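Report on one structure; see the data block that follows.
Quick caveat: nothing in here was measured; it's all calculated off a predicted structure. Here is the naming used below: chain letters follow the sequence lines, and residue numbers restart at 1 for every chain.
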Amino acid sequence: APPEWDWRKKGAVTEVKDQGMCGSCWAFSVTGNVEGQWFLNRGTLLSLSEQELLDCDKMDKACFGGLPSNAYTAIKDLGGLETEDDYSYQGHVQACSFSAQRAKVYINDSLELSKNENKMAAWLAQKGPISVAINAFGMQFYRHGIAHPLRPLCSPWLIDHAVLLVGYGNRSNTPYWAIKNSWGSNWGEEGYYYLYRGSGACGVNTMASSAVVN
Amino acid sequence: VPVPAEPWTDDEQAWDLSSSELLAPARFALDMYNYGRAAGTRAVLGAIRGRVRRVGRGSLFSLEATVEEPLCNDPLVCPLPMSNKTMLCSFQVLDELGKHMLLRRDCGPVNTKVTEYGNETFSSFLPLLNKDPLPQDFSAEMATVFKHFMTTYNRTYKSREEAQWRFTVFTRNLIRAQKIQALDQGTAEYGITKFSDLTEEEFYTIYLNPVLQKEPGRKMSLAKSINDL
């Protein structure tokens, strides 16, 4: 893998979004991944709809939580995703009003990625931003810098928040993952969270996945 | 019923407030303790003692009380396990011209609380907690910080009680952030964020995703690694 990478500099990442008072991080993590895949494979960056997943993905639980792997299946079964503008975010579940005619993107499949962080970095650099799920310990009060909680405090077994890896690198010899969160740009570093890379911190390597766009 | 006061150092007042003087701050402290609880799940006060110090325009009450938790067999309704029936609590209540503000609430099951305060390392890195009673300008300083938080994040609260409760949560969260900061091995800085007036439970319930732990999710095929590709 290259020593550092940042898809934000290459136009593959939309603006930071805000899930509001709703446990819909899983939807934002997946749309962020699909936005990246669509940009890299079809050349256009579109901001995609999380509300469609909240309303129409019946395998998941909208604001009470969901799984990226289920969401990929829902996108395939529904026939694609509408854009954020066409199916705007409300922050609570409503009746499904998805229209296949309005879908602007589709996915063909989804993949589970390696738990080896070097391989994850190589995959990210080559293939695009990765959906991951982490233990959100400390994030309530995170302001900036590279977080590296003690392992017992940030157990990889207590995963409770889905986010998007958009890059990696080193800051004064401290390796990090650049993570796009969905709590608005007035949280963390302009909406981003930086987490120590290489030790499986907070379970960052336990649930990495991506959609496939042919 | 007030309990007999213990011997004191010269510069501190004795725990000898009468029950009538204790009533208002004690009742306010109990209301804050029971905030958000449904009827039938509220705790009641047992023994109590208190002392007062004049600060600025008001009085700062330091209370020590036993709080009796009702018997509870529904863990979803009562946050405490049933076996912790009696809590020993210390409260700091600021009374300014009849308006009360809870500055500090520290409770623990009667048998564990004593060990907690014996934990020297705990007291060494949180010097603010060592000062008993709180320094005179502490509450004023915290109130200023809290007001700045409210302005920054455009916070409004439904009632004065709600605002006082959120102030208490905010103060407690600053201490939690200090702990997380002290234990982080990276370069992160923790402190006031837009979630600083939420309790840990509220933050977890509203913003996080318990499904990620509970359900395995659909099995996906494993991606080939890049050099394979």
From [X] [atom1] over to [Y] [atom2], what is the distance, rounded to the nearest 0.5 angstrom?
X: A/Cys22; Y: B/Asn209; atom1: SG; atom2: CG; answer: 9.5 Å
X: B/Leu208; Y: A/Asn135; atom1: CG; atom2: CG; answer: 9.0 Å
X: B/Leu212; Y: A/Ile134; atom1: CG; atom2: CD1; answer: 10.0 Å
X: A/Tyr196; Y: B/Gln185; atom1: OH; atom2: CD; answer: 8.5 Å

Is the number of heavy atoms from other residues, nucleotides or ligands within 6.0 Å of [atom1] ([X]) greater than 12?
X: B/Lys147; atom1: NZ; result: no
X: B/Arg27; atom1: CZ; result: no
X: A/Glu190; atom1: CD; result: no
X: B/His148; atom1: NE2; result: no
X: A/Lys17; atom1: NZ; result: yes

Under 4.5 Å heavy-atom distance to chain B, tell me which part of [X] shows up: side chain, backbone, both or neither.
X: A/Leu153; result: side chain
X: A/Met207; result: side chain
X: A/Phe137; result: side chain
X: A/Cys25; result: side chain
X: A/Asn116; result: neither
X: A/Gln140; result: both
X: A/Ala162; result: both
X: A/Ala136; result: side chain

Assess whether side chain to side chain contact (heavy atoms under 4.5 Å, CB included) is satisfied between B/Glu215 and A/Met59, documenting all intermediate values. CA-CA 11 Å; B/Glu215 297 178 21; A/Met59 284 185 281; over 6 Å; no
Salt-bridge contact B/Lys214-A/Asp160 (side-chain N to carboxylate O under 4.0 Å):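 Between A/Asp160 and B/Lys214 there is no salt bridge, as every charged N stays at least 4.0 Å from the carboxylate O atoms.
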Do the side chain of B/Glu189 and the main chain of A/His144 share a donor and acceptor less than 3.5 angstrom apart? no
Has the side chain of B/Asp184 got a donor or acceptor atom that lies under 3.5 Å from a matching backbone atom of A/His148?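 Pair found, side chain donor or acceptor close to backbone of A/His148.
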Give the minimum heavy-atom separation between [X] and [Y], together with the two atoms involved.
X: B/Ser221; Y: A/Asp109; result: OG-OD2, 4.1 Å
X: B/Ser196; Y: A/Phe141; result: OG-CD2, 4.1 Å
X: B/Ala223; Y: A/Leu111; result: CB-CD1, 3.8 Å
X: B/Val211; Y: A/Phe64; result: CG2-O, 3.5 Å
X: B/Met220; Y: A/Ser69; result: CE-CB, 3.7 Å
X: B/Lys194; Y: A/Trp187; result: CE-CB, 4.3 Å

Beyond-backbone contact of B/Thr193 with A/Tyr142, side-chain heavy atoms, under 4.5 angstrom: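 No - every pair of side-chain heavy atoms lies 4.5 Å or more apart.
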How about A/Met21 and B/Tyr207: do any of their side-chain heavy atoms sit closer than 4.5 Å?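 Side chain of A/Met21 against side chain of B/Tyr207, heavy atoms only: contact under 4.5 Å found.
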Measuring centre to centre across the rings, with the benzene-like ring taken for any Trp, is A/Trp183 within less than 6.0 Å of B/Phe203? yes
Below 4.5 Å from any heavy atom of chain A, which atoms of B/Leu174 appear? Answer side chain, backbone, both or neither.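 Nothing of B/Leu174, per the 4.5 Å heavy-atom cut-off to chain A.
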Can you tell which of [options] has the highest number of heavy-atom pairs within less than 4.5 Å of chain B?
options: A/Val212, A/Leu113, A/Leu158; value: A/Leu158
options: A/Pro149, A/Gly188, A/Ser172; value: A/Pro149
options: A/Ala133, A/Ser110, A/Ser114; value: A/Ser110
options: A/Ser209, A/Gly138, A/Gly66; value: A/Gly66
options: A/Leu67, A/Leu195, A/Thr174, A/Asp60; value: A/Leu67

Could you go step by step and tell me if A/Glu112 and B/Leu222 meet the side chain to side chain contact (heavy atoms under 4.5 Å, CB included) rule? CA-CA 5 Å; A/Glu112 178 187 337; B/Leu222 195 59; 4.0 Å; yes
